Amino acid sequence: MSGQATILHADLDSFYASVEQRDDPRLRARPVIVGGGVVLAASYEAKAYGVRTAMSGGQARRLCPQAIVVPPRMSAYTEASKAVFAIFKHTTPLVEGLSIDEAFLDVAGLRRISGTPPDIAVRLRREVLEEVGLPITVGVARTKFLAKVASAVAKPDGLLVVPPDGELNFLHPLPVRRLWGVGAITADKLKGYGITTVGEVARLPEDTLIAMLGRASGRHLHALAHNRDPRPVRTGVRRRSMGAQRALGSRRRRTAQDLDTTLVGLVDKLARRLRSAHRVCRTVTLRLRFEDFTRITRSHTLPQATGETPVILSAMRELLAAAMPMIREQGITLIGVTLGNLHSDNAVQLAIPLNHDPTALDTAMDDVRDKFGSKALTRAVLLGRDEGVSVPLLPDAD
């Protein structure tokens, strides 16, 4: 780790909602919800009433009746993201994108050219506001972990620098949920031991944490609680997984056919993304969220890396079928699919097709959609179905 605070975590504030407020002056300083059936984003004015991303539209409107609901405009968000990332890359060549609205920037070695890291952060925020018209929060610290925590604490529209000699004084009073990897289940488990702050985690021996949480989680949280995070800002890193999800909105009971149709739509889009990036996957994961907001994940490793839609869909259907008893009992509000263990499609030994080319249909469908648009060709089971919005994503690195 560097001896100086030279890593910036830059995160646009309520990105979709901020773009809408930027483009329509009537929405400024007013509660805005992007998305009708499911909340895709909420302005800070709406968040003040308890509105949160992925909440059903009905629940959001009950919490904030005066909210203005607007449909998503994915092309506008994509263009705004491109403009912001152009500023990031003008600031430093060391940019690691995390999503379309946040990134790490390493500004070490730029002092003579651009000034100190805090100076650079101030200028970055000003340029994003002046050139793109969006507020952005920046955290500055020695490690990626602490820079991200700092930006979260500084939101909205803030700047927070954590000096090296003040790291633990800043980190230890924070709630344990600030540690990466601590979700509701882990937080509840730690609370059962009387542990609610990062400092309390840091005071525990590593062996004790391992006994509580398992080896991987225990070692991970022990390191973060002492701000040990040696990961550098990396550029040009290809993603290790690709995912897509669909919030189901209202809590009406879904039939197995309804869920299968949703799964087909998600896998169809995701497999096309996989092939467009010239990747193949080896692991498929199904993520479910139930009506009580608990979540489960189920994974399966394929015998052969693949980019074929039928193979991926078949594996996902098996995972969904196995989870159906829980779905019937607990209801479901979200389905997510992830393709992991990715490799370049030209670097994996693929099975020899003895009888036919199994990718021919996928390739033909991809070609039609590339030429005539993504909706030019669809599966019969998806006709007349609302497939939800396609969320813009960072392009896969070359």
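Source: prediction; values computed, not measured.
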Does one hydrophobic cluster hold both [X] and [Y], with members joined at side-chain heavy-atom distances below 4.5 Å?
X    : Y    : value
L263 : I296 : yes
L12  : L129 : no
I68  : I33  : no
V140 : V95  : yes
V19  : I87  : yes

Using 0.5 Å steps for rounding, measure from the [atom1] atom of [X] to the [atom2] atom of [Y].
X    : Y    : atom1 : atom2 : result
D11  : I136 : CG    : CD1   : 7.0 Å
L209 : L204 : CG    : CG    : 5.0 Å
L319 : S299 : CG    : OG    : 7.5 Å
K155 : T137 : NZ    : OG1   : 4.0 Å
L171 : N227 : CG    : CG    : 6.5 Å
L160 : S151 : CG    : OG    : 9.0 Å

Looking at [X], I'd like to know if its [atom1] atom is crowded, meaning that more than 12 non-hydrogen atoms belonging to other residues, nucleotides or ligands lie closer than 6.0 Å.
X    : atom1 : answer
R30  : CZ    : no
Y49  : OH    : no
R219 : CZ    : no

Below 4.5 Å, heavy atoms only, C-beta onward: do [X] and [Y] meet side chain to side chain?
X    : Y    : result
L342 : V280 : no
R317 : V264 : yes
Y16  : M74  : yes
T116 : Q4   : no
L320 : M316 : no
V311 : Q304 : no
F170 : V149 : yes
N346 : H278 : no

Which heavy-atom pair separates [X] from [Y] by the least distance, and what is that distance?
X    : Y    : result
V198 : P175 : CG2-O, 3.6 Å
C281 : G340 : CB-O, 3.6 Å
V233 : L105 : CG2-C, 4.3 Å
A271 : I312 : CB-CD1, 4.3 Å
P118 : L159 : O-CD2, 4.5 Å
A29  : E45  : CA-OE2, 3.4 Å

Query raised in the report: Passes side-chain hydrogen bond (donor to acceptor under 3.5 Å, both in side chains), T255 versus D258? Steps please.
Result: CA-CA 5 Å; T255 66; D258 289 336; 3.1 Å; yes
| In terms of side-chain geometry, is the basic nitrogen of D345 or R275 positioned less than 4.0 Å from the acidic oxygen of its partner? | no
I'd like to know if the side chain of [X] reaches the main chain of [Y], judged simply by a donor and an acceptor atom lying under 3.5 Å from each other, with no hydrogens or angles considered.
X    : Y    : answer
R142 : T6   : no
R282 : L302 : yes
R287 : T297 : no

Working for salt bridge (Lys or Arg N to Asp or Glu O under 4.0 Å), residues D119 and R111:
CA-CA 9 Å; D119 292 338; R111 184 179 294 268; over 6 Å; no
Once you measure the plane-to-plane angle for H222 and H226, does it fall in the parallel (<30°), tilted (30-60°) or perpendicular (>60°) bin? tilted
Ring geometry between F145 and W180 (parallel below 30°, tilted from 30 to 60°, perpendicular above 60°): perpendicular
Are K47 and Y44 in a cation-pi contact, defined as NZ or CZ under 6.0 Å from the six-membered ring centre and within 45° of the axis? yes
Test salt bridge (charged side-chain N to carboxylate O under 4.0 Å, His left out), reference E96, set K144, R234, K89, output is K144
